[in-house]
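See below for the structure under consideration.
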Number of protein chains: 2
Amino acid sequence: MLTSMNPTRRRDRAATRAALLDAARLRFSRHGYDGTGVREIAADAGVDPALVFRYFGSKKELYARAVRPEVPEGLADDTGRSAAELADTLLHEVVLADWEEYGGEHPLLAMLRSSGHADVREQLRAQVCDGYLRTFAERLPEGAPELRAEMLGALLLGLGVMRSVVGSPALTAAPSEETRALFARMVAPLVEEG
Amino acid sequence: MLTSMNPTRRRDRAATRAALLDAARLRFSRHGYDGTGVREIAADAGVDPALVFRYFGSKKELYARAVRPEVPEGLADDTGRSAAELADTLLHEVVLADWEEYGGEHPLLAMLRSSGHADVREQLRAQVCDGYLRTFAERLPEGAPELRAEMLGALLLGLGVMRSVVGSPALTAAPSEETRALFARMVAPLVEEG
DNA sequence: AGCATAAGTCATCATCTGTTGACTTGGCGT
DNA sequence: ACGCCAAGTCAACAGATGATGACTTATGCT
């Protein structure tokens, strides 16, 4: 029997680290890197601020560990699907999904708030281009596949921004069938020949 | 004869204010509100930091005066043009134009870096929805014009983000004819009936 | 020339920032 | 029961932050 897995868990390294990471992820996402203080994160996690440096060394390192946009693995190897199907998957992944750990928006969108820092911009570029768009570009017919892939990326990112940052009424209220249909018709020119 | 309109102009209220505004606009755009210090702005303007508060009262007020996204007046009254033509104009305005005063990107994109603040988000929403997209929505056929307009907004914002923040290679390098053509084909489903 | 006033300077404030190191406390193995 | 080591606490640091007010200096008018 475990000695004490009690309600007020005390002195649990892993749990404390996790609480810190969760709180950091949320605050960094909502308020950006510069708008977030170490003491605020620690307070949210119910933990002493000094532990941030005990466990992560610096605020910067904590940011790097907390907000890590992970490219879904379902993309790279799933060779059976067409470019159009893939775009629809990405629409759900990037725009429609909730991502509550990141304050309700996709990590890549949250990172825009910290894009004053070159590190963050570089990570953004790598994730978007090498992560998400590469596999899409490979399924495209000849004729500037990179440009087409990047325009899909633009549409996805833009929809996310409109929904979670700008808060435009129609897109925020109705992320339903009509949006999906219009999206599909806009993507169509990208996957066609020509 | 004006007493002294000399090379090293000194003690010129209007010029100092303007220098401060210019420097603030650039730094706020590049590094966001929280990433920018009053002393840095003043240093860029070659001016004492205390003058920021003399002339603007607070950092917040300076931000408000410096970065004010202005909806181009050419949009509202220009009734002769089709929705498609209007979209093309917006492409140039928002995505392709240089906006060197704002660090090379459209003010609305620069504001994303400060979107952790509710004031900024609200200004973004107002500018995008009430400013840019309204006149576009009015030129649309029936059938959810707001949603269609917002999807155009998404594409525009997304293209801007891809170019100036993410820095995706194809879009950054070649903002030329091919981009314009693909854009037009993506916008087509938005302006059509059905 | 001299004066009044606006424009610019300076030192300084209180607070907040990330970060550190020395201290205390709790839990586990013996 | 005891002692060890990891986990957590605390006070304090140096520097940056936004902001203030008293001071100085230039400029334009008479």
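Chain identifiers are assigned alphabetically (A, B, ...) following the order of the sequence lines, protein sequences preceding nucleic acid strands; residue numbering begins at 1 within each chain. Computed from heavy atoms alone, side chains included, the values below leave out hydrogens, waters and symmetry copies.
The side-chain hydrogen bond (donor to acceptor under 3.5 Å, both in side chains) search around B:Glu122 returns B:Arg125, not counting sequence neighbours. Taking B:Tyr132 as the reference, B:His106 meet the side-chain hydrogen bond (donor to acceptor under 3.5 Å, both in side chains) condition, with sequence neighbours excluded. The side chain to side chain contact (heavy atoms under 4.5 Å, CB included) test applied to A:Asp119 returns A:Lys60, not counting sequence neighbours. Applying the side-chain hydrogen bond (donor to acceptor under 3.5 Å, both in side chains) criterion to B:Arg68, with sequence neighbours excluded, gives no partner residue. Among residues two or more places apart in sequence or in another chain, the side-chain hydrogen bond (donor to acceptor under 3.5 Å, both in side chains) test is passed with A:Arg25 by A:Asp22. Applying the ring pair (Phe, Tyr, Trp, His ring centres under 6.0 Å) test to A:Phe56 and every residue at least two apart in sequence or in another chain returns nothing. Listed by chain and residue number, A:Asp130, A:Glu138 satisfy the side chain to side chain contact (heavy atoms under 4.5 Å, CB included) test with A:Arg134 (two or more places apart in sequence, or in another chain). For B:Ala87, the side chain to side chain contact (heavy atoms under 4.5 Å, CB included) criterion is met by B:Phe136, B:Leu152, B:Phe183, B:Val187, not counting sequence neighbours. The side chain to side chain contact (heavy atoms under 4.5 Å, CB included) search around A:Pro107 returns A:Pro69, A:Trp99, A:Tyr102, not counting sequence neighbours.
Residue-environment remark: CZ (A:Arg65) stays at or below the threshold of 12 foreign heavy atoms within 6.0 Å.
For the contact set between residues 27-38 of chain A and DNA chain D, defined by any heavy atom under 4.0 Å, there are no members. Using a 4.0 Å cut-off on heavy atoms, none of the residues of residues 112-119 of chain B approach DNA chain C.
Whole-Å rounding puts the B:Glu40 CD to D:dG15 P distance at 17 Å. To the nearest angstrom, P of C:dG18 lies 15 Å from CZ of A:Phe56. Here D:dT17 presents its P atom at 11 Å from CZ of B:Phe53, a figure rounded to the nearest Å.
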Distances under 3.5 Å between nitrogen or oxygen atoms of protein and nucleotides 4-11 of chain C:
from  : atom 1 : to      : atom 2 : distance (Å)
C:dA7 : OP2    : B:Arg13 : NH1    : 3.0
C:dA7 : N3     : B:Arg11 : NH2    : 2.6
C:dG8 : OP1    : B:Asp12 : N      : 3.3
C:dG8 : OP1    : B:Thr16 : OG1    : 2.7
C:dG8 : OP2    : B:Tyr55 : OH     : 2.4
C:dG8 : N7     : B:Arg54 : NE     : 3.2
C:dG8 : O6     : B:Arg54 : NH2    : 2.9

